[in-house]
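So the structure is just underneath, and the comments pick up after that.
In what follows, chains are A, B, ... by sequence order, proteins preceding strands, each numbered from 1.
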2 protein chains.
Amino acid sequence: MATIRDVAKQAGVSVATVSRVLNSNGYVNNETKKKVDEAIRQLNYKPNAVARSLYKKTSKTIGLIVPDIVNPFFPELARAVEDTAHKKGYNVFFCNTDENVEKEEHYLEILLQKYVDGVIVASNTLTAEKVKELNIPVVSIDRKITAEIPTVVVKNKEGAQKATSYLKEIGCERIAHLRGPHHIDNANERADGYLEEVGSAPWFQSSYIADGNYVMKTAIQATVELLERHPEIDGIFAANDVMAIGAVKAAHRIGKMVPEELAIIGFDGISMAEATTPELTTIAQPIYDMGTAVTDLLVKLIEKKPVERTFLELKVELIERESTRKQNNNKGGREHGAKDHSSRQY
Amino acid sequence: MATIRDVAKQAGVSVATVSRVLNSNGYVNNETKKKVDEAIRQLNYKPNAVARSLYKKTSKTIGLIVPDIVNPFFPELARAVEDTAHKKGYNVFFCNTDENVEKEEHYLEILLQKYVDGVIVASNTLTAEKVKELNIPVVSIDRKITAEIPTVVVKNKEGAQKATSYLKEIGCERIAHLRGPHHIDNANERADGYLEEVGSAPWFQSSYIADGNYVMKTAIQATVELLERHPEIDGIFAANDVMAIGAVKAAHRIGKMVPEELAIIGFDGISMAEATTPELTTIAQPIYDMGTAVTDLLVKLIEKKPVERTFLELKVELIERESTRKQNNNKGGREHGAKDHSSRQY
DNA sequence: ATGAAAGCGCTAACAG
DNA sequence: CTGTTAGCGCTTTCAT
């Protein structure tokens with residue numbers, strides 16, 4: 001590969017001049033600039049980003065740390081992050097931690113050694129202290145770590161309330177909740193939202209809440225048990241779409257019709273929710289927008305540009321599909337006015 | 001951040017000595033090593049990977065170029081690549097090209113400037129010529145580019161034959177094919193496999209092959225038209241799972257029962273295929289293994305270790321689920337002996 | 001407007 | 001066994 005020296009020699013100027021035209025700063029005569037450009041072209045010269053990084057102490061790269069890209073929530077997020085980063089001239093290092101603290105800290109260390117300018121984390125295990133030590137901007141997505149760390153999340157509680165009250169509106173009278181892990185904030189917030197809506201209903205029992213752990217397999221099992229214990233249940237709010245899909249399978253397995261006998265609503269808005277039969281009604285997060293927002297935020301922090309707010313709470317949206325329909329149990333189901341905001345393309 | 005100089009000063013030795021203990025090469029007295037280690041600990045020193053890269057002309061990073069991480073085939077692949085790379089001490093830059101040549105070439109250029117040691121591409125648009133210019137190892141996954149570029153693929157034709165003959169075995173007598181894009185090799189190979197099995201059957205018509213373009217929306221439309229034009233069709237081999245899911249939806253929409261009236265089999269083995277009702281029978285690719293294999297291959301090339309073969313063609317596996325069952329059309333369906341190798345976990 | 005030269009943090013001869 | 005030193009390729013004062 002040609003270096004800046006080769007270009008300088010070829011153009012008959014000094015490396016400083018070449019550097020000047022490369023970065024278009026400082027004065028440089030139009031004629032000499034032409035010579036340099038020509039030399040660059042002839043040699044097919046590309047500046048060495050590593051050398052530049054070493055000097056400038058910045059690398060135009062960021063780290064993206066997710067638990068597991070295979071989790072259907074993350075591909076779209078990762079795509080948004082990469083798109084936005086690329087647009088702003090940054091490359092992204094891609095890391096999976098499986099929610100494992102050591103792995104996470106190890107990655108952070110490596111990223112730091114590689115001079116990343118900032119990092120985006122989706123993590124529950126990261127402490128504020130560790131982040132401080134890094135001395136580079138860190139932003140959190142989907143999970144709030146501490147008040148000091150800039151964060152992009154969605155209105156989980158509000159979404160959960162929306163889901164639950166929607167089930168009430170279409171006529172469900174015994175609504176259960178398939179909740180996520182107790183150590184994950186957004187799972188607790190969603191459970192809170194559910195409780196807010198039905199916690200004080202005369203029919204409510206704490207055993208209407210089942211642990212699904214955000215995983216399909218567990219959710220299937222939990223739903224089967226739930227429905228066997230409580231055959232009166234006519235609506236389920238699952239705290240994520242994966243569990244909602246599990247719930248659909250469970251219902252199918254024990255012969256409950258969805259949505260006729262049992263309405264099911266999920267949370268997230270992952271594309272897998274459109275693969276099911278019936279297609280899943282869900283509270284959709286603006287996943288791509290979240291990715292864009294965190295990345296914008298991070299880049300602003302890196303480039304020390306002013307940021308308005310460091311805590312963004314984005315809105316969620318009810319997408320009505322087939323897994324919920326007005327229940328015709330003539331006990332008072334009301335008309336529901338929501339339109340289908342689905343992104344179905346056919 | 002502390003530098004090697006700081007450590008040297010703190011330990012009362014020269015930077016060379018520090019470098020020696022860092023890289024554990026060259027002789028260094030055990031006592032001085034201890035002093036150095038202690039200084040490193042005290043200063044919480046971490047060597048600067050950029051400076052090291054600059055000197056060594058290698059960065060311990062690789063690039064991963066995929067069309068779109070949102071495409072359900074790629075998250076698992078990306079995960080495998082990242083896992084394997086990490087295990088071998090490499091980080092991975094993550095790039096989405098949308099199959100766009102300019103974007104792809106642009107990424108390659110940037111990666112090159114950033115000194116990546118090698119790159120893994122999933123691309124149809126890359127030319128051998130471009131790869132040559134790079135002067136670093138490049139390996140291709142899922143798509144063969146040219147003979148010179150080391151590649152990991154699966155036995156597409158064989159898998160397609162397996163899918164088609166399986167449909168015959170369970171009693172289908174009018175088997176259609178939902179094919180992928182004409183410019184993608186694996187789509188053509190899968191179509192070839194299908195043709196091999198049924199192309200000369202008395203009932204065969206070229207209009208039994210529909211273009212689905214690997215996309216759900218298109219596949220739904222194509223399947224509806226196909227079934228309206230040819231109501232006699234009792235089996236569909238879709239060239240990927242996403243289209244197979246589309247076919248299931250199409251069948252559902254026009255009131256054909258799957259699998260009773262219409263058997264559907266996909267290709268890929270993505271997890272989404274387990275979210276559907278009925279769950280999808282498919283020809284599964286060993287996606288994770290493919291990722292591991294390309295990464296191993298790439299790292300060997302980078303480190304100039306001997307590689308046995310530079311063209312790996314992995315086996316696919318039939319996973320029987322619910323979307324295909326022995327057709328009871330008493331016209332001669334035979335027993336089929338395949339076991340369920342499904343990864344269903346419940 | 002241009003060039004010389006120092007230095008980013010590290011590694012690897014080479015000398016001792 | 002350890003230290004001195006010359007780079008890796010680039011950017012940026014500081015002179016001129």
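- The CD-C1' distance, from A:E31 to C:dT2, rounds to 15 Å in whole Å.
- Here A:S14 reaches the OP1 or OP2 of C:dG3: one of its side-chain N or O atoms lies under 4.0 Å away.
- Applying the 4.0 Å criterion to OP1 and OP2 of D:dT2, one finds that B:T32 has a side-chain N or O inside that range.
- As a whole-Å value, the separation of A:K34 NZ from C:dT2 P is 13 Å.
- Here B:E105 pairs with B:K130 under the salt bridge (Lys or Arg N to Asp or Glu O under 4.0 Å) rule; sequence neighbours left out.
- For B:N29, counting side-chain heavy atoms from C-beta on, the closest listed nucleotide (D:dC8, C:dG9, D:dT2) is D:dT2.
- By the neighbour-count criterion of 12 heavy atoms within 6.0 Å, atom NZ of B:K155 is densely surrounded, having more than that number from other residues, nucleotides or ligands.
- Nucleotide C:dC8 holds its C1' atom 7 Å from the OH atom of A:Y115, rounded to whole Å.
- Between B:L43 atom CG and C:dG9 atom C1' there is a gap of 15 Å when expressed in whole angstrom units.
- A:L54 places its CG atom 11 Å from the C1' atom of D:dT11, with the value rounded to the nearest Å.
- Using a distance-only test at 3.5 Å, with no hydrogens or angles considered, a donor-acceptor pair links the side chain of A:K114 to the main chain of B:K60.
- Within 6.0 Å of NZ in A:K103 there are more than 12 heavy atoms belonging to other residues, nucleotides or ligands.
- If you check every strand for non-hydrogen atoms under 4.0 Å, A:V13 touches sugar and phosphate atoms only.
- Nucleotide C:dC8 holds its C1' atom 13 Å from the CG atom of B:D6, rounded to whole Å.
- Atoms NZ (A:K60) and P (D:dT11) sit 13 Å apart, rounded to a whole Å.
- A:L298 has its side chain out of reach of A:Y90: every pair of non-hydrogen atoms, C-beta onward, lies at least 4.5 Å apart.
- OP1 or OP2 of C:dG9 sits under 4.0 Å from a side-chain N or O of A:K57.
- The CG-P distance, from B:N48 to C:dG7, rounds to 18 Å in whole Å.
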Polar atom pairs between nucleotides 11-14 of chain C and protein, under 3.5 Å, N or O only, would you list them?
residue: C:dT11; atom: OP1; partner: B:N23; partner atom: OD1; Å: 3.3
residue: C:dT11; atom: OP1; partner: B:N23; partner atom: ND2; Å: 3.3
residue: C:dT11; atom: OP1; partner: B:R52; partner atom: NE; Å: 2.6
residue: C:dT11; atom: OP1; partner: B:R52; partner atom: NH2; Å: 2.9
residue: C:dT11; atom: OP2; partner: B:S19; partner atom: OG; Å: 3.1
residue: C:dA12; atom: O4'; partner: B:Y55; partner atom: OH; Å: 2.9

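- Residues B:P150 and B:L301 have side chains in contact (heavy-atom distance under 4.5 Å, counting atoms from C-beta outward).
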Begin with the C-alpha distance, continue with both residues' side-chain angles, and end with the deciding distance and a verdict on ring-ring contact (aromatic ring centres under 6.0 Å, His included) for A:F93 and B:F93.
-> CA-CA 5 Å; A:F93 273 130; B:F93 274 130; 4.1 Å; yes
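- A sub-4.0 Å separation between OP1 or OP2 of C:dT2 and a side-chain N or O of A:T17 is absent.
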